[in-house]
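Predicted model only: the values in this text are computed from it and were never measured.
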Amino acid sequence: MAAIAQSMRRSAIGLGLFAVITGGTIAVTQVATEERIAEQAARAEAQALFEIIPESQLSNDLLKDTVQLPASERLSQPGPLTVWVARKNDQPVGMIMPIVAPNGYSGNIHLLVGVDMQGTILGVRVTSHKETPGLGDQIETKKSDWIKSFEGRTLGQPPHSEWNVKKNGGQFDQFTGATITPRAVVKAVQKALIYFREHRQIIREQLNEAPNPRQEPLSPEAIAGESSNMEHS
């Protein structure tokens, strides 16, 4: 009996040591991996920011110049929106918003949408997604130039009803065998422009933009991008 008890004690100690070593190894690996993933994500985000607004066109540090704007369910963001501000000679010339397209084919699609102070899109980039390789991943610049089709667009260009893929009567191309992904991105970008217009006054104040006496209050139709004569600032 003493021999059996001793054997069981040794086995228990061995299993305990194995569990401690295995658990410790997994924890260390996880911490190291998380840091590396976060670092890679930050690097990719910085690269995307400067693809939208080149560093050579700015006089401020885009990566450090941020402000917080009000939360909005429209953008599928859980809290206040932290945006990057682009400045030239201390004057804001644009900002970049992180937004989420929640209805991609395989879940959330994370985007950066850059707009100038008149509400014109400077650029859009995808920072992360889980769309189908070979189909939905054409939203990436390394797979196609489709995402660049947003540059120069505004809420009125195209009209509100045509902010969709061509299959649904819009002006944006869909991909062969993949309509859900580009449609989700198009609608998310449109919502970002609506958010910009809805919060125009707050944005001006937060970015310390000089007031524009020519600006007029916006009607609900203009906010939705349905007015053909809406202001462009």
The reported gap from CG in N60 to CD in E55 (rounded to nearest 0.5 angstrom) is 9.5 Å
NZ (K191) and OG (S72) are apart, to the nearest 0.5 Å, by 9.5 Å
Fill in: Minimum side-chain heavy-atom gap L155-Q190 below 4.5 Å
yes
Is a donor from one side chain sitting under 3.5 angstrom from an acceptor on the other, for E131 and T181?
yes
In terms of heavy-atom contacts, V186 and W146 come closest through CG2-CZ2, 4.0 Å
| message | Tell me whether R153 forms a cation-pi arrangement with F172, defined as NZ or CZ under 6.0 Å from the six-membered ring centre and within 45 degrees of its axis. | response | yes
For this session: Report yes or no: does S106 contribute a side-chain atom to a donor-acceptor pair with the main-chain N or O of K130 at less than 3.5 Å?
Result: yes
Heavy-atom nearest pair, P159 first then Q171, reads CD-NE2, 4.2 Å
To the nearest 0.5 Å, atom CD of E205 lies from atom CG of N208 at 9.5 Å
When every non-hydrogen atom of T154 is compared with those of W163, the smallest separation belongs to O-CZ2, 3.1 Å
Rounded to the nearest 0.5 angstrom, the CG-OG distance for D173 and S149 is 7.0 Å
Exercise. Can you check whether V115 reaches L122 side chain to side chain, under 4.5 Å on heavy atoms?
Worked result: no
Check your understanding: Is it true that the side chains of R183 and N164 contain a donor and an acceptor less than 3.5 Å apart?
Key -> no
Worksheet entry | Atom CZ of F50 with >12 non-hydrogen neighbours under 6.0 angstrom | yes
Show the atom names and distances, to 0.1 Å, of all donor-acceptor pairs under 3.5 Å that link a side chain in residues 85-100 to residues at least two apart or in another chain.
residue: R87; atom: NE; partner: D65; partner atom: OD2; Å: 2.6
residue: R87; atom: NH1; partner: L207; partner atom: O; Å: 2.9

If the threshold is 4.0 Å, N to carboxylate O, is there a salt bridge linking R74 and E198? yes
On a heavy-atom basis, the closest approach of D145 and T141 is OD1-O, 4.5 Å
Can you hop from V126 to V113 via hydrophobic side chains spaced under 4.5 Å? yes
Cluster check I202, L193: I/L/V/M/F/W/Y, side chain < 4.5 angstrom | yes
Quiz item: Hey, mind stepping through H110 and N108 against side chain to side chain contact (heavy atoms under 4.5 Å, CB included) and telling me if it holds?
Solution: CA-CA 6 Å; H110 294 264; N108 290 344; 4.0 Å; yes
Hey, does P70 have a side-chain heavy atom less than 4.5 Å from the side chain of Y195? yes
Notebook entry, point to check: Does N168 reach the side chain of T179, with side-chain heavy atoms less than 4.5 Å apart?
Noted result: yes
Q.
Under a 3.5 Å cutoff, is there a donor and acceptor pairing between the side chains of H129 and E140?
A. yes
*asked:* With heavy-atom distances below 4.5 Å as the criterion, would you say the side chains of K148 and R125 are in contact?
replied: yes
- Message: Please say yes or no: joined through hydrophobic side-chain contacts below 4.5 Å, possibly via intermediate residues, are L75 and L69 part of one cluster?
- Response: yes
field: Step-by-step side chain to side chain contact (heavy atoms under 4.5 Å, CB included) determination, V124 to I52
entry: CA-CA 7 Å; V124 180; I52 295 172; 6.0 Å; no
Counting N and O atoms only, with roles assigned by atom type, does the side chain of Q174 sit under 3.5 Å from a partner on the main chain of K166, one being a donor and the other an acceptor? yes
dist Q138:CD -> T176:OG1 (nearest 0.5 Å) comes out at 7.0 Å
Heavy-atom nearest pair, A71 first then G79, reads CB-O, 3.2 Å
Side chain to side chain contact (heavy atoms under 4.5 Å, CB included) between F175 and L135, intermediate numbers included
CA-CA 7 Å; F175 309 142; L135 293 174; over 6 Å; no
| Hey, any chance L49 and F196 share a hydrophobic cluster, counting ILVMFWY side chains that come within less than 4.5 Å of each other, even indirectly? | no
Can you check whether I121's main-chain N or O pairs, donor with acceptor, with E151's side chain at less than 3.5 Å? no
In short, L58 meets L62 closest at the heavy-atom pair CD1-CB, 3.9 Å
Inset, instruction - Say whether W84 and V67 are linked into one hydrophobic cluster, either directly or through other cluster members, by side-chain heavy-atom distances under 4.5 angstrom. - result: no
| request: Would you sort out whether L112 and E51 count as a side chain to side chain contact (heavy atoms under 4.5 Å, CB included), showing the intermediate values? | output: CA-CA 10 Å; L112 294 176; E51 284 183 7; over 6 Å; no
### Query
Is the shortest heavy-atom distance from the side chain of I203 to the side chain of Q201 under 4.5 Å?
no
